[in-house]
Amino acid sequence: MALDEKIHELRREKLKQIEALGQKSYPTQYDFTHTIPSILAGNSSKSGEELEANRISVRVAGRIMAIRLMGKAGFAHIQQDGQRLQIYVKKDAVGEKGFELYKLLDLGDHIGVSGYLFRTRTGELSIHVEEITFLSKDLLPLPIGKSVESDDGQEGGKKWNELSDVELRYRQRYVDLIVNPEVREVFLKRSKLVQSLRRSLDARGFVEVETPMMQPIAGGAVARPFVTHHNTLDIDLYLRIAPELYLKRLVVGGFDRVYEINRNFRNEGIGWRWNPEFTMLEFYQAYTNFQGVMDLTQELITQAARDVTGGTKTKWTGKDGENEVVHELDWANWQRMTMREAIIHFWPEAAGAKPEMSDFASTDSVKNLVQRFNKGHAHVAYDPKEPAGKTIAALFEAAAEAHLMQPTVIYEFPTAISPLSKQKPDEPDWTERWEIYAGSMEIANGFSELNDPEDQRQRFEAQLKERERGDDEAHQMDEDYIRALSYGMPPAGGVGVGVDRLAMLLTDSHTIRDVILFPVLRPEEKKEEK
RNA sequence: GGGCGCGUAGCUCAAUUGGCAGAGCAACUGACUCUUAAUCAGUAGGUUGUAGGUUCGACUCCUACCGCGCUCACCA
């Protein structure tokens with residue numbers, strides 16, 4: 001029998017003994033007067049004498065995270081909301097049965113205690129327990145271990161293990177959350193981030209809505225969708241890759257300021273920045289353009305950085321080859337440059353002279369740039385038949401993206417890769433579109449929304465040609481969307497913000513799996529029945 | 001999907017050229033009525049990811065598979 005099975009058996013046996021003491025094994029509720037955080041917040045500054053003079057009675061519940069038995073007395077630490085408080089259990093105080101119960105408790109059990117606050121001889125705020133109530137048993141051993149190592153020979157250099165098996169951490173996030181307090185912190189920060197975005201948008205009169213997750217045409221982005229099937233209607237539906245086209249239908253319908261924070265699903269690879277389902281904020285504002293929503297997005301993110309971290313500067317640990325490099329991201333200081341400027345600015349020396357603006361103008365000159373770039377560098381894959389704009393975007397990603405550490409707005413994107421954006425009035429090959437980069441990641445995308453139905457139809461048709469060329473991610477035709485635009489959509493700016501990636505940046509998390517509670521993993525292999 | 005790397009006790013990690021699979025903590029038994037992730041004495045814990053192969057002998061070498069990580073491609 002494996003160890004954890006043995007422990008499971010042993011603890012079930014203990015549970016029976018606990019019942020025999022008159023405790024319920026799985027009681028339905030516990031009335032408490034305090035929480036551990038409230039006790040710590042309210043009494044941390046009080047001295048032992050003060051606590052003795054004005055005795056404070058408390059009833060509080062928590063999970064046992066450390067327990068020490070010493071004959072006829074003992075200590076334990078109980079945890080609630082990620083915070084710990086010590087309890088002191090003395091046989092004289094809790095009685096025969098109470099102490100029998102204490103002796104049957106294990107690491108990980110939930111208990112409720114009532115008693116009064118005091119300070120131990122060493123000064124730690126603790127509860128002098130008068131009554132213990134059993135609340136729930138932990139039948140499986142928590143992976144709490146310790147190892148004593150002489151860290152750098154430092155005196156008393158104790159280094160406590162943490163649960164570091166990433167597979168177990170992601171598969172059994174509940175265990176990760178119990179054992180690793182900093183994991184809890186990351187998700188609390190993520191919650192604050194989402195709250196902050198909502199508050200900022202609500203304060204500006206935006207209305208939060210929910211649009212379909214299951215769509216007959218997966219539109220609004222360039223990506224491969226997941227397919228599912230509805231039995232009664234007997235139709236295939238796609239999990240949405242973006243809410244964009246539905247939100248703009250709502251702008252047509254008169255919601256001038258509208259937003260949604262919800263999941264998108266894209267059937268693509270998994271990596272440090274990619275999870276098949278991810279959370280996106282999208283918002284649309286009528287009567288403004290890409291400039292207006294660019295300013296607003298910067299404000300939203302600056303405020304979010306404040307709300308999550310208390311300031312506008314955050315640490316980001318990057319890698320330079322083998323070495324770790326700590327960057328300080330400044331969310332109140334935004335750089336802006338056009339895509340073409342960025343390519344020129346970050347043009348690698350090995351690729352010779354920097355491009356001129358005119359080099360982006362024709363298919364031949366763009367091809368020439370790629371050839372020059374590829375000479376000294378990682379290969380930029382491109383199809384000679386693809387539109388020049390698409391090649392320029394690939395060039396930008398290869399030349400510039402990795403260098404975009406500080407929050408930076410890159411604007412003016414090729415029309416060929418922006419089927420839903422308005423063109424620049426003076427340069428129809430370019431659109432009024434921007435993306436925000438930070439920590440070498442794209443985190444937001446916004447533009448002046450294309451609202452001319454005829455132009456939109458032509459853009460979709462151009463995408464269909466890409467599709468025929470073999471690009472199965474190119475946008476599909478959406479007749480109803482064109483019909484909606486035909487009723488007249490006011491001029492508007494729209495934005496999508498990658499919430500997971502923003503959470504990564506604000507918590508110095510280097511994989512998206514550390515900011516998603518249950519990231520997609522391959523299912524566990526089923527153990528053979530014996 | 002391609003390439004590279006990893007998988008040893010519940011957790012964190014050792015194991016010399018291929019030569020008896022170990023430690024700390026957790027667990028169990030006992031002692032201890034102010035401990036600090038207590039201390040002391042003792043006990044138990046393993047098909048070394050799985051299945052094959054090479055060998056007198058495999059944690060170690062080879063092959064396949066499973067899982068995870070990094071990376072490239074596709075993408076946000």
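Residue numbering restarts at 1 for every chain, and letters A, B, ... go by the order of the sequence lines.
Across B/G42 and B/G24, the matching P atoms stand 12 Å from one another, rounded to whole Å. Between B/A23 and B/G45, the two C1' atoms lie 14 Å apart (nearest whole Å). The same atom, P, is picked in B/A14 and in B/U8; the two are 11 Å apart, to the nearest Å. A gap of 14 Å separates the C1' atoms of B/A58 and B/U47, to the nearest Å. Only the P atoms considered, B/U63 is 13 Å distant from B/C6, to the nearest whole Å. Atom name C1', nucleotides B/U35 and B/C20: the rounded distance is 41 Å, in whole Å. To the nearest whole angstrom, the two C1' atoms, one in B/A64 and one in B/A9, are 28 Å apart. The same atom, C1', is picked in B/G19 and in B/U55; the two are 12 Å apart, to the nearest Å.
Here the closest non-hydrogen pair linking A/Leu464 and A/Gln476 is CD2-CA, 4.4 Å. Shortest non-hydrogen contact noted between A/Ala221 and A/Ala242 is CB-CB, 4.0 Å.
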Could you pull out all donor-acceptor pairs under 3.5 Å where a side-chain atom in residues 434-442 of chain A meets a protein atom, sequence neighbours excluded?
unit_1   : atom_1 : unit_2   : atom_2 : d
A/Trp434 : NE1    : A/Phe290 : O      : 3.0
A/Glu435 : OE1    : A/Tyr437 : OH     : 2.7
A/Glu435 : OE2    : A/Arg433 : NH2    : 3.1
A/Ser440 : OG     : A/Ala402 : O      : 2.8

Side chains of residues 69-84 of chain A: which donor-acceptor pairs under 3.5 Å do they make with residues two or more places apart or in other chains?
unit_1  : atom_1 : unit_2   : atom_2 : d
A/His77 : NE2    : A/Glu124 : OE2    : 2.9
A/Gln79 : OE1    : A/Arg84  : NE     : 2.8
A/Gln79 : OE1    : A/Arg84  : NH2    : 3.1
A/Gln79 : NE2    : A/Ile178 : O      : 3.3
A/Gln80 : OE1    : A/Ile36  : N      : 2.8

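One can place NZ of A/Lys72 at 21 Å from P of B/A38, the figure rounded to the nearest angstrom. Distance OH (A/Tyr116) to P (B/C34): 14 Å, rounded to an integer number of Å. When rounded to the nearest whole Å, the span between CD1 of A/Ile512 and P of B/C70 equals 12 Å. Going from atom CD1 of A/Ile64 over to atom C1' of B/A37 covers 14 Å, rounded to whole Å. Straight-line distance from the CD1 atom of A/Ile417 to the C1' atom of B/A76: 12 Å, rounded to whole Å. For A/Lys6 and B/G46, the NZ to C1' distance is 11 Å, given to the nearest whole Å. In this structure, A/Gln172 atom CD and B/C68 atom C1' are separated by 14 Å, rounded to whole Å. Taking atom NE2 of A/His475 as the reference point, atom P of B/A76 lies 12 Å away to the nearest angstrom.
Residues A/Thr431 and A/Glu412 bring no donor and acceptor atom of their side chains to less than 3.5 Å of each other.
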How does RNA chain B read in dot-bracket, base by base from 5' to 3', with Watson-Crick or G-U pairs under 3.5 Å and | used when the partner is on another strand? (((((((..((((.....[..)))).(((((.......))))).....(((((..]....))))))))))))....
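Of the candidates A/Asp514, A/Thr507, A/Asp500, A/Asp500 is the only one forming a side chain to side chain donor-acceptor pair (under 3.5 Å) with A/Arg190.
An aromatic stacking contact between A/Phe75 and the base of B/A38 is absent, as defined here by ring centres under 5.5 Å apart and ring planes under 30° from parallel.
In this model, the phosphate group of B/C28 is not approached by any side-chain N or O of A/Lys103 to a distance below 4.0 Å at OP1 or OP2. Residue A/Arg68 has no polar side-chain atom (N or O) positioned under 4.0 Å from OP1 or OP2 of B/U35. Between A/Arg171 and B/C68 there is a side-chain polar atom (N or O) within less than 4.0 angstrom of OP1 or OP2.
Under the ring-ring contact (aromatic ring centres under 6.0 Å, His included) criterion, A/Tyr116 pairs with A/His128, sequence neighbours left out. Taking A/Trp334 as the reference, nothing meets the ring-ring contact (aromatic ring centres under 6.0 Å, His included) condition, with sequence neighbours excluded. Checked against ring-ring contact (aromatic ring centres under 6.0 Å, His included), A/Phe187 has no partners two or more places apart in sequence or in another chain. Not counting sequence neighbours, A/Tyr259 has no partner by the ring-ring contact (aromatic ring centres under 6.0 Å, His included) test.
For residues 402-422 of chain A, every residue pair satisfying the ring-ring contact (aromatic ring centres under 6.0 Å, His included) rule, not counting sequence neighbours, is listed here: A/Phe346-A/His403.
Of the residues in residues 85-95 of chain A, those with a non-hydrogen atom less than 4.0 angstrom from any atom of RNA chain B are A/Gln86, A/Tyr88, A/Lys90, A/Asp92.
At the heavy-atom level, A/Asn267 lies nowhere under 4.0 Å from the strands shown. Note on A/Phe118: a base of the nucleic acid sits closer than 4.0 angstrom, heavy atoms only.
Toward the 5' end of RNA chain B, the nearer of the two residues A/Ala221 and A/Gly74, judged by each one's closest nucleotide, is A/Gly74. Where A/Leu521 and A/Ala73 meet RNA chain B, the nucleotide closest to each residue was compared, and A/Ala73 sits on the side nearer the 5' end.
In this structure, the nucleotide among B/C75, B/C28, B/U35 sitting nearest to the side chain of A/Glu268 is B/C75. Nearest nucleotide to the A/Leu10 side chain, out of B/A44, B/A27, B/A37: B/A27. Distances were taken from every side-chain heavy atom of A/Lys14 (C-beta onward) to each of B/C28, B/U35, B/A76; the shortest belongs to B/C28.
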